[in-house]
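Heavy atoms only: backbone and side chains are in, while hydrogens, waters and symmetry mates are out.
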Amino acid sequence: QNLANTVWAYATAGVAADALYAAVAEAAVRGGLAGFNPQNLANTVWAYATAGVAADALYAAVAEAAVRGGLAGFTPQNLANMVWAYAKAGVAAEALFKAVAKAAVRGGL
């Protein structure tokens, strides 16, 4: 949660911190996103997209974790922020987008 909160704060404040973003992405992926709940996952990719920081491995890991977990625990706001982040960053996450669309169609959002 601390990693997610830190990058969220930097992105919200508009503070450039490339070394910080790189270190957080590397630590999060290396740690298998341990300790990240759905809101942390959504806020993290939102922060990277907002800051315009590329982090392909992080985006891939977050999408995979969300889809693997069946989107369990994600609120509609988490999902909206997350798919916005992928779209804004220009990151293809077909399985994630399909899972979110399916949840929306079946009324799960």
Side-chain angles (χ1 to χ4, degrees):
Q1 180 177 357
N2 292 334
L3 295 176
N5 289 345
T6 300
V7 293
W8 178 88
Y10 273 73
T12 299
V15 176
D18 291 342
L20 171 69
Y21 285 105
V24 168
E26 195 273 324
V29 172
R30 185 181 64 240
L33 300 172
F36 281 73
N37 65 29
Q39 184 174 354
N40 299 151
L41 295 173
N43 287 352
T44 299
V45 292
W46 178 91
Y48 279 77
T50 299
V53 176
D56 292 342
L58 176 66
Y59 280 106
V62 169
E64 195 277 327
V67 172
R68 182 182 64 239
L71 305 180
F74 284 90
T75 67
Q77 185 68 58
N78 297 152
L79 293 172
N81 289 348
M82 195 158 54
V83 296
W84 174 89
Y86 282 82
K88 170 79 173 163
V91 175
E94 186 175 339
L96 174 63
F97 277 78
K98 283 182 178 180
V100 171
K102 185 176 179 180
V105 167
R106 74 169 182 257
L109 300 181

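- Heavy atoms only, all atoms of each residue included: Ala66 and Leu96 are closest at CB-CD1, 4.1 Å.
- For Tyr59 (side chain) and Ala92 (main-chain N/O), no donor-acceptor pair under 3.5 Å exists by modelled atom type.
- Rounding to the nearest 0.5 Å places CG of Asn81 at 11.5 Å from OG1 of Thr44.
- When all heavy atoms of Gly35 and Asn40 are compared, the closest pair comes out as O-OD1, 3.5 Å.
- Atom CZ of Phe36 sits in a crowded spot, with more than 12 heavy atoms from other residues, nucleotides or ligands closer than 6.0 Å.
- Cluster membership check: Val100 shares its hydrophobic cluster with Met82, using side-chain heavy-atom separations under 4.5 Å among Ile, Leu, Val, Met, Phe, Trp and Tyr.
- Trp46 places none of its side-chain heavy atoms less than 4.5 Å from the side chain of Asn78.
- The heavy-atom pair separating Leu41 from Ala65 by the smallest distance is CD1-CB, 4.5 Å.
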Self-check item: Criterion side chain to side chain contact (heavy atoms under 4.5 Å, CB included) on Val62 and Leu33, from CA distance to verdict
Solution: CA-CA 8 Å; Val62 169; Leu33 300 172; 4.1 Å; yes
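- The heavy-atom pair separating Ala47 from Ala11 by the smallest distance is O-CB, 3.5 Å.
- The shortest distance between side-chain heavy atoms of Trp84 and Thr50 falls below 4.5 Å.
- Atom CG of residue Asn43 and atom CG of residue Asn5 lie 7.5 Å apart, to the nearest 0.5 angstrom.
- A donor-acceptor pair is defined here as one N or O able to donate and one able to accept, closer than 3.5 Å; such a pair exists between the side chain of Tyr86 and the backbone of Ala63.
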